[in-house]
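First listed ligand is number 1; within each ligand, the first listed atom is number 1. If you read the sequence from its start, that first residue is 1, and numbering goes on from there.
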Amino acid sequence: MSASSHAVVREVRFLLLGTGTSAGVPVIGCDCGVCTSDDPRDRRTRSGAAISFVDAAGHERLFLVDCGPDHREHSIRHRFKRVDGIFFTHDHVDHTFGLDDVRRYNAMMKSPIEVFADVRTRDFLERVYRHIFRRHENVNDSFVADLFVRTVAAGESFDRHGLRFTAFEVLHGRLPVLAYRIEALDAAGRVAEVQPGPLPLAYCTDLSAMPPAAWPRIAGLRTLVLDMLRYRAHPTHLTVDEAIAIAERARAGRTVFVHMTHDIRHATLEAELPPAMELGFDGMILTGSA
Ligand SMILES: [Zn+2]
Ligand SMILES: [Zn+2]
Ligand SMILES: [Zn+2]
């Protein structure tokens with residue numbers, strides 16, 4: 001009998017759908033060198049990610065982390081046919097304003113979609129998407145998304161189709177937001193000792209500080225996806241140097257930076273990063289091997 005337990009899921013891929021900050025890159029009306037660059041890696045849509053895998057029964061599964069205003073483009077680019085759940089990090093527009101479009105998955109799957117959000121984000125979604133959550137008040141009965149929201153508190157875990165998603169808190173300026181650690185489970189429902197593909201992975205976007213309780217959540221990772229806004233200080237995001245310092249301390253097998261502005265030229269900074277660190281780009285797919 002094998003000494004180490006294996007995951008029940010396979011073909012795990014983590015997709016960086018959008019790697020830009022809230023304005024996207026190019027920025028509207030900007031003629032700077034990055035906004036006019038012909039390197040496709042300097043074109044960054046608004047933030048978002050997905051994890052796809054095959055579950056124990058052989059079914060393809062897909063979960064989103066956030067659903068921003070460029071979600072429709074992301075979905076078409078990657079030919080998504082289903083969404084099994086959406087984990088929200090926080091209530092900012094660049095992470096939430098694509099939710100209306102998920103009604104297409106309801107139609108294709110003929111089932112509701114589970115949405116995970118903290119109390120603040122849940123309140124925001126219910127207010128902004130009133131036509132979805134208070135559908136009975138709509139003047140005409142139109143085609144809206146079918147969602148059920150599960151309230152998430154930091155420290156809570158959710159096991160879905162062979163993966164465990166654990167929410168933890170990071171600080172986006174003064175606002176506590178959620179980050180997620182994703183691990184694969186074994187046949188007994190425990191975290192598998194041998195993790196497949198890019199797992200264990202933590203997705204930490206939109207933060208300016210890693211609180212003490214978050215450090216154990218980003219320990220022992222194969223992959224860390226981490227905020228890195230720009231070179232200059234910012235009240236709610238990590239600078240290049242701050243992000244590198246966190247990556248050096250976390251010591252993931254591989255750290256990939258996201259949520260960048262037009263201050264960052266991909267080819268320039270990529271060449272200067274320490275080992276095991278890379279800049280993300282739209283469409284980047286993280287598997288087990290770099
Ligand atoms: Zn953001
Ligand atoms: Zn620019
Ligand atoms: Zn934000």
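- A centroid separation of 6.0 Å or more is found between the aromatic rings of F116 and F88.
- The pair R41-D39 meets the salt-bridge criterion, with a side-chain N (NZ, NE, NH1 or NH2) lying under 4.0 Å from an Asp/Glu carboxylate O.
- By the 30° and 60° cut-offs, the orientation of the rings of H78 relative to F80 is parallel.
- Of all protein N/O/S atoms, those under 2.8 Å from the Zn ion (ligand 1) are D94 OD2, H95 NE2, D206 OD2, H259 NE2, and waters are not counted.
- When you scan the N, O or S atoms of H262 for the one nearest the Zn ion (ligand 2), you land on ND1.
- H172 contributes NE2 as its N, O or S atom closest to the Zn ion (ligand 3).
- A donor-acceptor pair shorter than 3.5 Å can be found between the side chains of D206 and H95.
- Taking the centre of each ring, H172 and H237 come in below the 6.0 Å mark.
- Closest non-hydrogen pair, T261 versus V25, comes out as C-CG2, 3.7 Å.
- Vertex the Zn ion (ligand 2); arms to C32 atom SG and C30 atom SG; angle 110° (nearest 10°).
- With a 6.0 Å radius and a threshold of 12 heavy atoms from other residues, nucleotides or ligands, R190 has its CZ atom at or below the threshold.
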